[in-house]
Protein chains: 2
Amino acid sequence: MTAADALDLRLDENVKPWNRDGMAQYSDAHRPLYEVKANLFKGLAHPVRVRVLEVLSASPTVSVTDLLADTGLEASNLSQHLSVLRRHNLVVAERRASQVFYRLAYPEVADLLSVSRSLLVKILERTQQQLVSTVNLPDISMQRDSEIAPVTR
Amino acid sequence: MTAADALDLRLDENVKPWNRDGMAQYSDAHRPLYEVKANLFKGLAHPVRVRVLEVLSASPTVSVTDLLADTGLEASNLSQHLSVLRRHNLVVAERRASQVFYRLAYPEVADLLSVSRSLLVKILERTQQQLVSTVNLPDISMQRDSEIAPVTR
DNA sequence: TAATGGATTGATAAATTCATCATATCGCAA
DNA sequence: TTGCGATATGATGAATTTATCAATCCATTA
């Protein structure tokens with residue numbers, strides 16, 4: 001299963017990012033959709049990468065230099081995350097003079113982030129509300145001790 | 001960073017899934033949004049979990065028994081993935097007699113999957129189109145040998 | 001052309017995730 | 001209350017991901 005992911009054809013192993021933008025990286029076409037989707041989510045499953053995509057959702061293109069300043073990361077660390085984002089075809093790199101600029105490969109990437117935010121708001125709303133009610137229910141009434149109240153329902 | 005994820009307060013460690021549905025699991029509220037988002041994507045970053053969510057997007061509630069039949073997984077394996085989905089507040093479990101039924105915790109979960117599908121369609125469209133043009137360009141013309149063609153541009 | 005800043009790649013150890021097997025729990029029926 | 005089907009949990013090794021450090025690559029300037 002994870003072995004399947006490792007089978008991705010990398011046709012462009014030794015082509016520099018800025019000459020490779022958007023090139024077919026994964027032989028996704030023949031795989032079941034849920035595998036391809038899971039793979040997409042893997043690409044998004046790291047705070048740094050989400051952060052980068054959020055920055056790129058706000059400004060059309062951003063240089064690595066700026067990303068470094070924004071995130072305070074070590075260059076090679078950021079670079080590896082950018083590499084992951086590229087492999088997943090989520091961003092595109094372009095070299096201008098001595099700097100490299102990144103942008104979202106598709107505006108739909110921003111949509112995905114925005115929909116995920118909506119979902120998170122829902123989740124946090126409800127869970128926080130539950131936290132509050134769990135904590136507040138034994139309001140001024142007697143509460144045996146500082147033990148965490150069991151869920152009642 | 002991953003250490004931060006491990007700090008999640010699990011208030012309900014020993015509460016059974018069907019008594020715990022939707023209870024606040026993670027102390028997400030105080031974390032930067034990009035961490036929470038990345039965490040959400042982590043929950044989605046496995047083919048089995050995506051599959052389960054897709055099934056649940058189609059039918060309002062599904063029993064574990066049915067999921068087992070659908071996926072052909074080993075019971076304990078599926079169970080662990082369901083556990084992950086629960087921890088991320090993506091699904092809710094409910095016991096009816098001897099069986100356990102799952103459903104999406106929020107309809108927005110289905111939205112997220114659907115938006116991600118749209119993005120994937122875009123990506124696959126373009127990358128496949130590029131594959132085709134890469135392979136087809138040297139049509140009947142001379143091609144040195146079976147070496148992988150370097151990207152030209 | 002040598003030196004330098006900007007960025008990527010490679011190697012590696014630590015942390016995390018995953019599949020599997022064994023064990024435990026829950027509800028129900030015998 | 002014993003046994004059983006349905007699920008969940010625990011433990012563990014293998015695979016994967018990640019942060020860090022060293023080395024490399026590319027474009028520009030000295």
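Note on naming: letters A, B, ... go to the chains in the order of the sequence lines (proteins, then strands), and numbering restarts at 1 for each one. Quick caveat: nothing in here was measured; it's all calculated off a predicted structure.
The CG atom of L78(B) sits 11 Å away from the P atom of dA19(C) (whole-angstrom rounding). A straight line from CD of Q80(A) to P of dA19(D) spans 9 Å, rounded to a whole angstrom. Following rounding to the nearest Å, L73(A) (CG) and dT18(D) (P) show an atom-to-atom distance of 13 Å. Atom-to-atom, CG of N77(B) to P of dC21(C) comes out at 11 Å; the value is rounded to the nearest Å. Across the protein-nucleic acid pair, E74(A) atom CD and dC21(D) atom P stand 6 Å apart, rounded to whole Å. In this structure, L85(B) atom CG and dT7(D) atom P are separated by 16 Å, rounded to whole Å. Here dT28(D) presents its C1' atom at 10 Å from CZ of R95(A), a figure rounded to the nearest Å. For the pair Q99(B) CD and dG27(C) P, the interatomic distance rounds to 14 Å; values are reported in whole Å.
The side chain of H81(A) places an N or O atom within less than 4.0 Å of a non-bridging phosphate oxygen (OP1 or OP2) of dA19(D). Taking 4.0 angstrom as the limit, Y102(B) places none of its side-chain polar atoms (N or O) nearer than this to OP1 or OP2 of dA6(D). Of the side-chain N and O atoms in R86(A), one or more sit less than 4.0 angstrom from OP1 or OP2 of dT9(C).
The two atoms that bring V91(B) and R86(B) nearest to each other are CG2-N, 3.8 Å, heavy atoms only. Of all heavy-atom pairs between L68(B) and L73(B), the closest is CD2-O, 3.5 Å.
Checked by distance alone, S76(B) brings a side-chain donor or acceptor within 3.5 Å of a matching partner on the base of dC21(C).
Heavy atoms of S79(B) sit under 4.0 angstrom from at least one base atom. Using a 4.0 Å heavy-atom criterion, one finds that A75(A) contacts the bases of the nucleic acid, with or without backbone contacts as well. At the heavy-atom level, R49(A) lies under 4.0 Å from the strands shown only through sugar-phosphate atoms.
The main-chain N or O of G43(A) is found under 3.5 Å from a side-chain atom of R49(A) such that the two form a donor-acceptor pair. Looking at R95(A), its side chain does come within 3.5 Å of a backbone N or O of A97(A) through a donor-acceptor pair.
For L82(B), whose side chain is taken as the heavy atoms from C-beta onward, the closest listed nucleotide among dA19(C), dA8(D), dA7(C) is dA8(D). The side chain of S83(B) lies closest to dT9(D), out of dA8(D), dT9(D), dT7(D).
Closest-nucleotide positions on DNA chain C for F101(A) and S98(B) were compared, and the one nearer the 5' end corresponds to F101(A).
Under the 4.5 Å side-chain heavy-atom criterion for ILVMFWY residues, no single connected hydrophobic cluster contains both F101(A) and L85(A).
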